2 protein chains.
Amino acid sequence: MTENKKYCCPVAAAIDEIGGKWKPLILWALKDQTLRFSEINRELPAITQRMLTKQLRELERDDLVNRKVYAEVPPKVEYSLTAKGKSVIPILKLLCDWGEEYCKSKICLNVLE
Amino acid sequence: MTENKKYCCPVAAAIDEIGGKWKPLILWALKDQTLRFSEINRELPAITQRMLTKQLRELERDDLVNRKVYAEVPPKVEYSLTAKGKSVIPILKLLCDWGEEYCKSKICLNVLE
DNA sequence: CCGTATCCCATGAGATACTG
DNA sequence: CAGTATCTCATGGGATACGG
């Protein structure tokens, strides 16, 4: 997540950009829609505003999401996937399928987080 | 990584089992070979023994790797992928390809970690 | 509405030394 | 060889309050 790191393996480099607890879920939420800050938060009720802001800034820095600010009051900010961001969706789709098949016992639709 | 957690989304459940800094790299190292503890360590020079042990125990607990102990002196322990472990390799392959294409600037073959 | 600012805790993770 | 045992530090992450 930090800048200017170097990795000997592409897998490690990829994990750094799209890994962690929240980034895959944020990218997943944006996979086929542009969302406002509060809308992402609604899709991920367990994340705090602080973490959502932090993760979105990193995703923006790594060119995975676009951040569009409207000069309005009250403020309006929209997030969407860049081309690079869209390119990770097939990976997340596989991950989702894998999770459904192999982690069934850990999945409960009535539980947050 | 902890036991008995529940997730509302398969992606989150999957991330918990195969995410983090080291697990993808360990699984990747085992993708087409059985390796001893020290051999995995040789492929991942940046990991400490302590972390390698910890991650391998979690992978074993989640049925992603087999651990085979030989009753010899000096000790010999071999690690290999289970069927479940093998099933994540296609995901890591995609991740590797993605990293090569999109994280080129962060990859340096002469650097550890 | 979209964030910051603080404070705080749990976990990840490194370094080093030691052992059956 | 394949780990443990300590100790330490950095980061991730949560809770809450506040602000333009």
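As the structure is a prediction and not an experimental result, all values here were calculated from the model. By convention in this document, chain letters (A, B, ...) are assigned in the order of the sequence lines, proteins followed by strands, and residues within each chain are numbered from 1. Every heavy atom of this structure was used, including side-chain atoms; hydrogens, water molecules and symmetry mates were not.
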CZ of Arg42(A) versus C1' of dC1(C): gap in Å, rounded?
-> 11 Å
Taking only the side-chain nitrogens and oxygens of Arg67(B), find out if one of them lies under 4.0 Å from OP1 or OP2 of dG3(D).
-> yes
Could you state the atom-to-atom distance from CD1 of Ile26(A) to C1' of dG12(D) in whole Å?
-> 13 Å
Between dG3(D) atom P and Asn41(B) atom CG, what is the distance in whole Å?
-> 11 Å
Ignoring the backbone of Gln55(B), work out which of dC2(C), dG20(C), dA13(C) is nearest its side chain.
-> dA13(C)
Can you tell if the side chain of Lys31(B) reaches within under 4.5 Å of the side chain of Leu92(B), non-hydrogen atoms only?
-> no
Measure from the side chain of Trp22(A), starting at C-beta and using heavy atoms only, and say which of dC1(D), dT4(D), dG14(D) lies closest.
-> dG14(D)
Looking for any heavy atom pair under 4.0 Å, which part of the strands does Arg50(B) touch: base, sugar-phosphate only, or nothing?
-> base
Under a 4.5 Å cut-off applied to non-hydrogen side-chain atoms, are Asp62(A) and Ile18(A) in contact?
-> no
Toward the 5' end of DNA chain C, by each residue's nearest nucleotide, Tyr79(A) or Thr48(B) = Tyr79(A)
Write down the distance between NZ (Lys21(A)) and C1' (dG12(C)), rounded to a whole number of angstrom.
-> 14 Å
So does Lys54(B) get a side-chain nitrogen or oxygen closer than 4.0 Å to the phosphate oxygens (OP1/OP2) of dA5(D)?
-> no
Any side-chain heavy-atom pair of Leu56(A) and Phe37(A) under 4.5 Å | yes
Take the protein atom CG of Leu56(A) and the nucleotide atom P of dG13(D), then report the distance between them rounded to whole Å.
-> 14 Å
Can a side chain N or O of Arg57(B) be found less than 4.0 Å away from OP1 or OP2 on dA2(D)?
-> no
Send over the distance from Glu58(B) CD to dG12(C) P, rounded to a whole Å.
-> 7 Å
Closest listed nucleotide, where the reference is the side chain of Val77(B) and the choices are dG3(D), dA13(C), dT4(C) | dG3(D)
Nearest whole angstrom, please: distance from the P of dA2(D) to the CD1 of Ile47(B).
-> 15 Å
Considering heavy-atom distances to DNA chain D, does Pro75(B) or Gln49(A) have its closest nucleotide positioned more toward the 5' end?
-> Pro75(B)
Check for a donor-acceptor pair, side chain of Glu17(B) on one end and backbone N or O of Ala13(B) on the other, with a separation under 3.5 Å.
-> no
Under 4.5 Å between any side-chain heavy atoms of Thr53(B) and Arg57(B), yes or no?
-> yes
Please determine, for the side chain of Phe37(B), which listed nucleotide (dG3(D), dG13(D), dA13(C)) has the closest atom?
-> dG3(D)
Can you tell me the distance, in whole Å, between the CD atom of Glu39(A) and the C1' atom of dC2(C)?
-> 13 Å
